[in-house]
Amino acid sequence: MRKVLIIGGGPAGCSAAHLLSEIDNLDITLIETSSKLGAGVRTQYYGGHPYTFGPRHFLTQNKKVFDYINKIIPMRNCSEHEFISYVESDDSFYNFPIHMDDVRSMPDSEIILKEIKEAKGVANARNIEDFWIGSVGQTLYNKIINEYNKKMWQVDDNKLIDTFKWSPKGATIKDGPRAAWDIAISAYPYAKNGYDDYFDMVFKKVNVKINTKIEKFDIKNKTIFVNNEKFQYDIIINTISPDTLFENCYGELPFIGRDLFTIVFPTEYVFPENVYFIYYPNKEKFTRMVEYKKFTRHKSKHSLVGLEIPSMNGKHYPMPIKSEQIRAKKYHDLMPENVYSIGRAGTYRYLVDIDDCIEQAMQISENIKNNEFDGPIPLKRWREFN
Ligand SMILES: Cc1cc2nc3c(=O)[nH]c(=O)nc-3n(C[C@H](O)[C@H](O)[C@H](O)COP(=O)(O)OP(=O)(O)OC[C@H]3O[C@@H](n4cnc5c(N)ncnc54)[C@H](O)[C@@H]3O)c2cc1C
């Protein structure tokens with residue numbers, strides 16, 4: 001019997017617990033500091049309206065991942081979803097991400113189209129500002145990217161963000177309104193309590209310790225201390241920031257957090273039909289709003305909207321800065337064989353969403369089943385620096 005420890009009970013830790021529980025001869029323990037599993041993806045309620053911390057929309061290009069989750073918690077197709085941005089300088093709403101029809105309708109379309117034609121490309125881009133200006137020109141960058149990125153990453157200058165291939169929405173202008181989305185499966189659980197049943201099933205599958213604090217880590221020896229007691233494992237799957245496992249010996253990895261405000265409006269719907277999110281790329285402090293009932297289909301005369309403000313509260317967004325990515329790699333390099341690090345904080349990659357957590361858990365469970373160790377971050381796509 002091999003003893004396995006999973007650190008953290010968010011989507012990555014819970015997916016690992018589900019998948020590893022299918023493998024014979026593993027004795028699995030999951031440790032979570034809070035009182036519930038699922039972290040920000042867990043459903044909460046305000047005035048009876050179900051919501052999560054931010055949208056937590058299931059968007060994937062991986063059919064295997066979708067089929068897996070859909071079998072356990074049936075998912076509703078949301079492919080009609082539309083995202084829009086409010087651009088204050090034009091007092092207009094455009095699609096998000098932007099596409100050529102929007103550009104043609106802008107008051108300064110002539111200059112923008114000229115800049116797009118003459119854009120020098122991204123081959124020599126050193127930071128996210130070069131990357132976007134090289135893709136779409138200065139005017140469009142100023143309109144929709146500059147302020148949004150600065151508030152998203154809490155920086156005064158976008159030149160500080162020197163990795164940029166992570167942008168999940170892509171820096172290119174799309175050809176039509178659906179071009180960004182038609183390649184992905186867009187879904188959300190049918191159940192009123194969203195993803196919760198998926199998380200709570202973990203209690204039946206493995207030994208779960210909630211409200212539990214790990215006092216000390218000795219990762220080299222795959223050992224942890226809880227209540228002054230020592231526990232040793234054969235395999236560890238970590239889903240929290242890797243600096244925590246090594247007493248920040250190379251310094252603390254920075255993250256951007258979020259404050260979420262929930263607001264009930266006195267109308268059945270607030271956003272136009274099919275609009276799930278609105279992005280705000282101007283001087284306002286918030287980045288995004290989501291109308292939850294578009295996902296949850298909650299029936300009510302009122303509608304709940306979540307408003308996200310970037311802050312330093314919580315370890316939600318690993319910084320896309322090369323020096324910090326290198327620092328994270330130094331921590332990953334300290335991890336011995338049979339210690340894996342998955343999930344958004346665990347890999348220290350922004351480009352890890354719910355579907356990616358599942359995909360990573362699938363990969364490591366394959367490795368564990370086959371007794372293969374492919375490095376602490378198992379998939380090439382996440383191991384690369386970008
Ligand atoms: C506001 C917001 C909106 C998002 N919207 C979407 C979306 O629409 N679609 C999408 O696919 N993705 C979305 N994401 C991203 C996605 O939800 C995350 O990538 C995913 O939840 C990461 O899961 P995880 O298990 O890696 O980490 P987490 O969800 O952070 O879970 C980590 C867990 O570890 C626990 N923990 C922390 N420290 C310790 C410790 N020392 N010991 C034990 N346990 C510990 C935490 O309490 C937590 O439960 C969003 C993220 C945010 C922040």
Side-chain angles (χ1 to χ4, degrees), residues 5-18 29-42 51-62 65-66 69 75 78 81 83 152 166 168-169 184-189 194-195 198-199 202 208-217 219 224-226 236-245 247 255-261 276-277 286-290 292 294-295 306-311 313-318 340-361 377 382:
L5 170 68
I6 301 172
I7 305 169
C14 289
S15 308
H18 273 277
T29 300
L30 183 151
I31 294 186
E32 163 61 48
T33 39
S34 74
S35 59
K36 296 206 165 84
L37 299 180
V41 189
R42 185 144 196 117
Y51 74 98
T52 46
F53 190 94
R56 315 291 178 154
H57 175 197
F58 200 84
L59 197 62
T60 189
Q61 294 184 35
N62 187 328
V65 167
F66 176 76
I69 190 94
M75 305 288 279
C78 303
H81 79 253
F83 302 158
M152 169 79 195
W166 47 266
K169 314 297 185 291
I185 300 167
S186 164
Y188 197 81
Y195 300 86
Y198 178 69
F199 300 130
V202 170
V208 178
K209 292 182 192 300
I210 51 171
N211 294 317
T212 301
K213 188 171 166 21
I214 301 173
E215 282 140 15
K216 202 173 148 208
F217 297 89
I219 294 297
I224 59 157
F225 295 82
V226 176
I236 294 182
I237 292 146
N238 168 57
T239 71
I240 66 171
S241 184
D243 51 358
T244 315
L245 309 192
E247 293 178 335
F255 285 80
I256 298 299
R258 269 288 179 285
D259 292 328
L260 177 78
F261 295 87
Y276 284 53
F277 302 173
F286 46 94
T287 44
R288 177 167 67 178
M289 286 195 202
V290 54
Y292 285 106
K294 295 288 171 59
F295 285 115
L307 180 145
E308 291 174 49
I309 302 189
S311 72
N313 296 328
K315 294 192 173 189
H316 296 303
Y317 296 92
Y340 297 90
S341 202
I342 62 168
R344 189 180 267 193
T347 56
Y348 199 69
R349 294 287 188 283
Y350 169 55
L351 190 56
V352 173
D353 278 337
I354 303 167
D355 59 316
D356 302 303
C357 290
I358 296 174
E359 194 177 327
Q360 292 178 338
I377 304 179
W382 287 283

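Every number for a ligand or one of its atoms is a count from 1 in the order of the listing.
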Classify the side-chain pair Asn62/Thr60 by whether it contains a donor and acceptor separated by less than 3.5 Å.
no

Answer side chain, backbone, both or neither: which part of Tyr317 comes under 4.0 Å from ligand 1, heavy atoms only.
side chain

Looking only at protein heavy atoms, which one is nearest to atom 31 (O) of ligand 1, and how far off is it?
Gly10 CA, 3.4 Å

Report yes or no: does a heavy atom of Thr244 sit under 4.0 Å from some atom of ligand 1?
no

Using heavy atoms and a threshold below 4.0 Å, how should the contact between Arg349 and ligand 1 be classified: side chain, backbone, both, or neither?
neither

Protein residue, atom and distance nearest to atom 34 (O) of ligand 1, heavy-atom basis
Gly8 CA, 3.3 Å

Shortest heavy-atom approach to atom 29 (O) of ligand 1 - which of Pro310, Ser15, Gly306, Ala39
Ala39

Atom indices of ligand 1 within 4.0 angstrom of Gly343 heavy atoms, with elements
26 (O)

Can any side-chain N or O of Thr239 pair as donor or acceptor with the backbone N or O of Ile342 at less than 3.5 Å?
no

If you look at every heavy atom in Val41 and Pro11, which pair is closest and at what distance?
CG2-CG, 3.6 Å

Here the pair of heavy atoms bringing Lys213 nearest to Thr33 is CA-CG2, 4.3 Å

Across all chains, not counting sequence neighbours, the salt bridge (charged side-chain N to carboxylate O under 4.0 Å, His left out) partners of Arg258 are Glu308

Hey, which atoms in ligand 1 end up nearer than 4.0 Å to a heavy atom of Ala12?
24 (P), 25 (O), 26 (O)

Within the 4.0 Å heavy-atom shell around Pro55, which atoms of ligand 1 are there?
3 (C), 5 (N), 8 (O)

For Gly194 and Pro189, work out which heavy atoms get closest and say how close.
O-CB, 3.4 Å

Suppose I only count heavy atoms of Arg288 and a 4.0 Å limit; which atoms of ligand 1 are within that range?
3 (C)

One finds that the ligand 1 atoms under 4.0 Å from a non-hydrogen atom of Asp353 are 10 (C), 11 (O), 12 (N), 13 (C), 14 (N), 15 (C), 19 (O)

Nearest non-hydrogen protein atom to atom 35 (C) of ligand 1, with distance, is Glu32 OE1, 3.2 Å

Exactly one of Ile236, Ile31, Ile237, Thr29 should register a side-chain contact (heavy atoms from CB on, under 4.5 Å) with Ile7. Which one does?
Ile236

Subset of ligand 1 atoms that lie under 4.0 Å from at least one heavy atom of His316
53 (C)

Per-residue contact class, Cys357 against ligand 1 - non-hydrogen pairs under 4.0 Å:
side chain

Take the angle between the ring planes of Phe277 and His57 and call it parallel below 30°, perpendicular above 60°, tilted in between.
perpendicular

At under 4.0 Å between heavy atoms, what of Val352 touches ligand 1? The answer is backbone

Taking non-hydrogen atoms only, is Thr33 closer than 4.0 angstrom to ligand 1 via side chain, backbone, both or neither?
both

For Ile354, counting its heavy atoms only, list the atoms of ligand 1 lying under 4.0 Å from any of them.
10 (C), 11 (O), 12 (N), 16 (C), 17 (O)

Touching ligand 1 at all, Gly40? Heavy atoms, strictly under 4.0 Å?
no

List the closest protein heavy-atom neighbour of atom 15 (C) of ligand 1: residue, atom name, distance to the nearest 0.1 Å.
Arg344 NH2, 3.3 Å

Ignoring hydrogens and angles, tell me if any N or O in the side chain of His18 forms a donor-acceptor pair with the backbone of Tyr198 under 3.5 Å.
yes

Heavy atoms of Ile224 and Val226 approach each other most closely as CD1-CG2, 3.9 Å

Note: ligand 1 atoms sitting under 4.0 Å from heavy atoms of Val41 are 17 (O), 21 (O)

Backbone N/O of Leu37 and side chain of Arg42: donor-acceptor pair under 3.5 Å
yes

Record the part of Glu308 in heavy-atom contact with ligand 1 below 4.0 Å; permitted values are side chain, backbone, both and neither.
side chain

Can you confirm, on distance only, whether ligand 1 has an N/O atom lying under 3.5 Å from any N/O atom belonging to Asp355?
no

I'd like to know whether CD of Glu247 has more than 12 heavy-atom contacts from other residues, nucleotides or ligands below 6.0 angstrom.
no

Donor on one side chain, acceptor on other, Thr52 and Tyr292, under 3.5 Å:
no

Donor-acceptor pair, Thr244 side chain versus Pro242 backbone, under 3.5 Å?
no

Does ligand 1 come near enough to Pro11 that some N or O of the ligand is less than 3.5 Å from an N or O of the residue?
yes

Mind checking whether Arg56 has an N or O less than 3.5 Å away from an N or O of ligand 1?
yes

Ile240 heavy atom under 4.0 Å from ligand 1
yes

When you compare ligand 1 with Phe53, is there at least one nitrogen or oxygen pair between them that comes in under 3.5 angstrom?
no

Please list, chain by chain and in numerical order, all residues satisfying ring pair (Phe, Tyr, Trp, His ring centres under 6.0 Å) with Tyr188, sequence neighbours excluded.
Tyr195, Phe295

Does a salt bridge link Arg344 with Asp353, judged by any charged N lying under 4.0 Å from a carboxylate O?
yes

Tell me which part of His57 gets within contact of ligand 1: side chain, backbone, both or neither, using heavy atoms under 4.0 Å.
both

